Amino acid sequence: MKKIINNPDHVVSEMLEGFAKANPSVVYFPEAEVIARREKKAKVGLVSGGGSGHEPAHAGYVGEGMLDVAVAGNVFASPSADRVLKGIQEASSGKGVLLIIKNYSGDIMNFNLAKELAEMEGIEVDSVVVKDDVAVKDSTYSTGRRGIAGTVLVHKIAGAKAESGASLAEVKRVTEKTIANIRSMGMAMSPCILPGVGKPGFVLGENEIEIGMGIHGEPGVERTAPQSASALAETLLGKILADYDFRGSEVAVMVNGLGSTPLMELHILFNEVEKRLEPLGIKVRKALVGNFMTSLEMAGASVTLLKLDGELATLLAAPSAAPAFRA
Amino acid sequence: MKKIINNPDHVVSEMLEGFAKANPSVVYFPEAEVIARREKKAKVGLVSGGGSGHEPAHAGYVGEGMLDVAVAGNVFASPSADRVLKGIQEASSGKGVLLIIKNYSGDIMNFNLAKELAEMEGIEVDSVVVKDDVAVKDSTYSTGRRGIAGTVLVHKIAGAKAESGASLAEVKRVTEKTIANIRSMGMAMSPCILPGVGKPGFVLGENEIEIGMGIHGEPGVERTAPQSASALAETLLGKILADYDFRGSEVAVMVNGLGSTPLMELHILFNEVEKRLEPLGIKVRKALVGNFMTSLEMAGASVTLLKLDGELATLLAAPSAAPAFRA
Amino acid sequence: MKIDAKGYMDYVAKVAQKLADNRDYVTELDSVTGDGDHWVNMDLGFRKLLEQRSTLEALSLGELFKKIGMLVMSTVGGSSGVLYGSAYIKASQAIGQRESLDVPLLAEVLGAMLDAIMARGGAKPGFKTMIDPLYQGLEAMKAALAVGKGDRAALDALRAGSIAGMEATKAMEAVKGRATYRTDKGVGHLDPGAVTMCYQLQVLADCFSS
Amino acid sequence: MKIDAKGYMDYVAKVAQKLADNRDYVTELDSVTGDGDHWVNMDLGFRKLLEQRSTLEALSLGELFKKIGMLVMSTVGGSSGVLYGSAYIKASQAIGQRESLDVPLLAEVLGAMLDAIMARGGAKPGFKTMIDPLYQGLEAMKAALAVGKGDRAALDALRAGSIAGMEATKAMEAVKGRATYRTDKGVGHLDPGAVTMCYQLQVLADCFSS
Ligand SMILES: Nc1ncnc2c1ncn2[C@@H]1O[C@H](COP(=O)(O)OP(=O)(O)O)[C@@H](O)[C@H]1O
Ligand SMILES: Nc1ncnc2c1ncn2[C@@H]1O[C@H](COP(=O)(O)OP(=O)(O)O)[C@@H](O)[C@H]1O
Ligand SMILES: [Mg+2]
Ligand SMILES: [Mg+2]
Ligand SMILES: [Mg+2]
Ligand SMILES: [Mg+2]
């Protein structure tokens with residue numbers, strides 16, 4: 001394993017230390033692995049977070065117009081409730097705090113526990129759960145769908161709404177609307193290596209890719225032979241459109257790289273996705289192509305579609321000063 | 001080889017087609033593989049470019065406050081003179097055009113030929129050559145130093161100056177000053193695969209990294225065992241500081257990923273670099289950590305230092321709307 | 001057959017060793033059905049406890065459990081961190097002022113842990129989680145105690161039950177946790193959290209017996 | 001021993017084949033001292049020429065060379081694109097209105113190409129580039145013609161000289177191009193551009209001889 005690190009136990013703290021030095025607009029709380037805006041505002045506080053290894057998520061999305069606080073867990077492990085509690089405290093200005101949680105049992109449990117602890121301190125806290133990954137069947141009984149790259153668009157829209165001075169209930173409403181209208185589907189071509197493990201978590205042969213693999217290398221829906229960009233766009237979009245009818249609507253499209261897939265390939269994939277939308281009467285109002293929610297050095301990509309109405313389109317286009325999402 | 005592409009012969013055109021669709025602020029000229037700003041201004045035109053495979057360079061740096069035009073060659077091959085000529089024509093508003101060339105013989109020959117052709121058409125053209133890579137000994141006799149990641153800072157500063165309405169001579173002066181004060185040093189941990197070749201261009205064993213390798217996989221200065229982030233910062237900074245005395249100055253620092261090195265590791269490396277600068281009286285005024293000048297999916301990173309005076313610091317901080325460098 | 005705070009930290013050290021010995025196996029299990037970090041998480045937690053061994057040994061038993069709960073919860077994160085954290089905190093309440101664990105108190109403590117894990121994660125026995133070995137081990141142990149079989153038999157029942165519960169996860173369909181993302185719901189694969197839970201119960205029974 | 005436009009395109013097809021047969025070898029050479037794309041570049045250029053074969057064959061010889069130069073320059077890019085492009089354009093001027101290449105005109109054409117490459121890239125014989133086989137081949141050819149040895153002998157001299165020039169690059173230190181980035185300046189490795197130049201000169205001599 002060749003990684004530019006010092007000690008697997010310290011990757012998160014050294015990364016965030018470096019991140020805060022490189023971005024003077026944030027402050028770093030080392031005990032809690034929390035990154036928060038330096039300038040606070042009286043507004044609804046937005047807290048997100050999750051396991052590390054998905055950079056620039058989540059710290060990169062802290063900034064005016066987006067999150068107030070990102071809470072980092074260890075690599076691929078939800079941050080603990082006490083860290084999230086610290087995040088809530090930092091985000092709170094008395095107007096309530098909204099937690100944006102990705103749907104993994106670890107995250108749900110830790111964020112909910114933190115919410116209870118914060119409420120005991122008198123902070124008003126509400127939460128939303130992002131579950132955009134159509135690779136997994138939705139279910140109320142079991143854990144259900146994962147939250148993946150679409151979360152970044154949720155951060156953006158919630159952030160713009162909160163920045164506008166809206167109430168906690170209003171921010172939550174718009175955030176839930178975003179979540180209801182967003183779908184993603186991904187695929188992986190090579191594994192990633194956890195710093196503490198030192199070898200790949202799974203193997204994909206020279207002639208295999210995995211459709212629907214999760215951003216932590218959780219299993220996907222099928223292994224196929226490598227496909228052309230065109231066939232891949234067909235496959236990924238096909239799964240998304242089978243789940244949600246985007247026909248005739250305006251959308252935001254995100255083509256997200258998982259880590260080691262070159263931007264060249266992401267743009268080629270986006271080109272193929274875009275070609276298929278027009279004939280369906282789907283209009284791309286905003287496109288995002290890049291590494292927004294990664295899985296360490298995994299190769300692969302995901303496609304996300306978000307249906308926009310006037311409100312969501314305006315919020316998506318609003319300014320953002322977050323280091324990894326400037327608009 | 002698993003790549004998200006359709007046909008190795010079409011990677012550049014499909015990528016740029018996708019890029020232009022995703023970024024409405026630019027237009028794409030397919031015959032010449034040129035990306036240009038949609039809104040033109042009467043000002044000195046700035047043209048850069050080079051082989052493809054270094055994304056987001058160079059198209060990602062086209063936008064208000066940065067380049068006017070990026071000209072793309074085939075993967076790792078300089079764009080041909082006729083493409084560069086088209087780029088110059090698009091960038092020209094009658095106030096002269098400055099070419100920012102990276103120091104490779106192919107680039108030098110093609111850009112110079114294009115310059116001659118444009119001058120025959122009556123366009124005033126001047127050029128600068130970036131050679132920031134201290135891995136290679138400088139020399140006036142031979143090809144000399146390569147231009148690598150530092151080029152992005154050159155684009156930024158030249159772009160801000162041109163945007164201010166300065167004359168061609170003034171823009172050139174400030175650009176040359178930037179070039180004179182910039183140094184980079186990189187290292188690679190794994191190879192990249194040219195789409196037209198389909199297999200890695202070189203092999204690095206599980207226990208080797210290459211210090212000083214170029215952004216096209218050109219040979220470096222030595223192979224060593226993998227090093228900790230701390231040792232690596234020492235090695236790379238050591239080579240830079242041995243070449244140029246940055247002590248006591250204000251600098252911009254860029255830690256650039258070559259493609260598949262996670263942002264996590266780049267921030268850890270930056271953290272180590274930063275720690276070493278303070279004791280030398282070097283003050284980090286601006287830090288950039290990310291993938292700015294890549295080598296397809298190569299793993300590795302480079303460190304760049306640019307000495308700032310008041311003029312350069314102001315220009316570096318000026319606004320930019322380029323998709324890959326928003327400030 | 002009693003374990004005090006110091007004895008409990010000896011137990012912690014033995015679990016740490018048991019985990020260290022099974023790094024690849026446990027990692028592999030979580031790689032197949034989950035995200036591959038379960039061993040890293042557990043190892044991190046137990047190493048953290050050992051780092052603080054001298055401080056921890058000096059605590060009362062109830063305080064020790066509370067402190068372990070807090071440390072595990074905050075160091076580990078993820079699903080296992082919050083679940084074990086909640087389990088230890090709830091167990092510390094069950095222990096109260098008592099200064100050592102005997103076998104009947106152990107049954108109480110394990111019961112409190114089971115309740116806490118189920119309450120925190122919303123999972124039940126049969127969901128293919130760390131709950132299964134704990135539930136089946138504890139049921140067997142309680143049954144042995146109920147018919148007055150004595151400590152040693154109760155510990156043997158705990159051992160056998162937890163192994164059975166762990167092994168039963170192989171055939172189960174996952175309802176909570178990452179194995180639910182598999183189209184086969186993980187059927188045919190052991191649950192990693194059940195395996196490490198089982199390790200802990202085995203080592204615990206051994207510590208009482210020795 | 002004459003080659004017209006159609007004959008020249010037959011030559012182009014043979015070079016394309018020769019390149020296709022040596023893909024891994026040439027790629028490997030540029031991977032060692034350069035950036036690994038030399039074969040891709042040359043292959044792209046020659047495939048482009050073949051795609052347009054019917055149009056190209058219909059041109060006059062001078063027009064053909066000019067068009068080849070433009071196509072190679074714009075399709076290939078990189079160092080080889082601009083160097084071969086310049087070479088062919090300059091050669092088309094040397095050809096002027098003449099409709100076929102004979103051996104003496106070939107020497108003139110190669111001389112024009114050599115001048116153009118040296119002028120464009122600023123390199124000289126001995127700099128470890130594509131220039132070396134061309135220079136040594138042409139020198140040998142001209143020497144043979146000067147002493148009136150006849151076409152066949154002149155072509156043999158071209159063959160032998162270009163091979164010698166190509167092989168000599170192994171021991172040379174690079175002054176221009178990517179091999180200069182190596183601390184050893186590429187000493188011990190053949191220059192890829194010299195190898196493909198040599199291929200072209202060999203195939204050219206063969207075309208004249210057959
Ligand atoms: N809701 C839950 N209730 C009980 N146990 C659970 C639950 N979710 C997950 N687990 C257990 O946690 C284990 C995974 O732990 P770990 O890998 O450390 O966390 P994560 O799943 O967050 O990566 C699973 O194998 C399972 O035994
Ligand atoms: N200045 C120069 N003059 C003559 N030949 C050169 C010069 N620079 C490079 N070459 C030749 O070009 C070859 C490399 O071509 P190629 O790989 O296609 O381009 P690039 O170096 O731009 O990747 C070298 O092997 C060398 O023979
Ligand atoms: Mg995890
Ligand atoms: Mg090249
Ligand atoms: Mg796990
Ligand atoms: Mg080359």
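Computed from a predicted model, the values in this text were never measured in an experiment. Letters go in sequence order (proteins before strands), and every chain restarts at 1. Heavy atoms only: backbone and side chains are in, while hydrogens, waters and symmetry mates are out.
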When [options] are compared by non-hydrogen pairs under 4.5 Å with chain C, the top option:
| options | answer |
| --- | --- |
| A/Ser105, A/Pro200, A/Gly217, A/Ala81 | A/Ser105 |
| A/Gly214, A/Ala77, A/Gly220 | A/Ala77 |
| A/Arg83, A/Glu222, A/Glu218 | A/Glu218 |
| A/Gly106, A/Ser80, A/Pro79 | A/Ser80 |
| A/Val84, A/Asn110, A/Asn74 | A/Asn110 |
| A/Val221, A/Asn112, A/Ile108, A/Leu113 | A/Leu113 |

Interface moiety of [X] toward chain C, non-hydrogen atoms closer than 4.5 Å:
| X | answer |
| --- | --- |
| A/Asp9 | side chain |
| A/Val75 | backbone |
| A/Glu31 | neither |
| A/Leu194 | side chain |
| A/Lys199 | side chain |

Can you list the residues of [range] that sit under 4.5 Å from chain A, counting heavy atoms only?
| range | value |
| --- | --- |
| residues 94-108 of chain C | none |
| residues 71-79 of chain C | C/Met73, C/Ser74, C/Thr75, C/Val76, C/Gly77, C/Gly78, C/Ser79 |
| residues 110-122 of chain C | C/Arg120, C/Gly121 |

More than 12 foreign heavy atoms under 6.0 Å from [atom1] of [X]: is that the case here?
| X | atom1 | answer |
| --- | --- | --- |
| C/Lys66 | NZ | no |
| A/Phe292 | CZ | yes |
| C/Lys67 | NZ | no |

Spatial distance of atom [atom1] ([X]) from atom [atom2] ([Y]) [nearest 0.5 Å]:
| X | Y | atom1 | atom2 | answer |
| --- | --- | --- | --- | --- |
| A/Met213 | C/Tyr181 | CE | OH | 13.5 Å |
| A/Arg145 | C/Thr180 | CZ | OG1 | 12.5 Å |
| A/Phe76 | C/Asp30 | CZ | CG | 11.0 Å |

Sub-4.5 Å side-chain heavy-atom contact between A/Val197 and C/Asp37 = no

What residue in C/Thr33, C/Leu83, C/Asp35 has the most heavy-atom pairs under 4.5 Å with chain A?
-> C/Asp35

For the candidates C/Lys185, C/Arg178, C/Arg182, which exhibits the highest count of non-hydrogen atom pairs separated by less than 4.5 Å from chain A?
-> C/Arg178

With sequence neighbours left out, what residues match A/Phe29 under ring pair (Phe, Tyr, Trp, His ring centres under 6.0 Å)?
-> none

Bottom line for C/Asp24: the part with an atom under 4.5 Å from chain A's heavy atoms is side chain

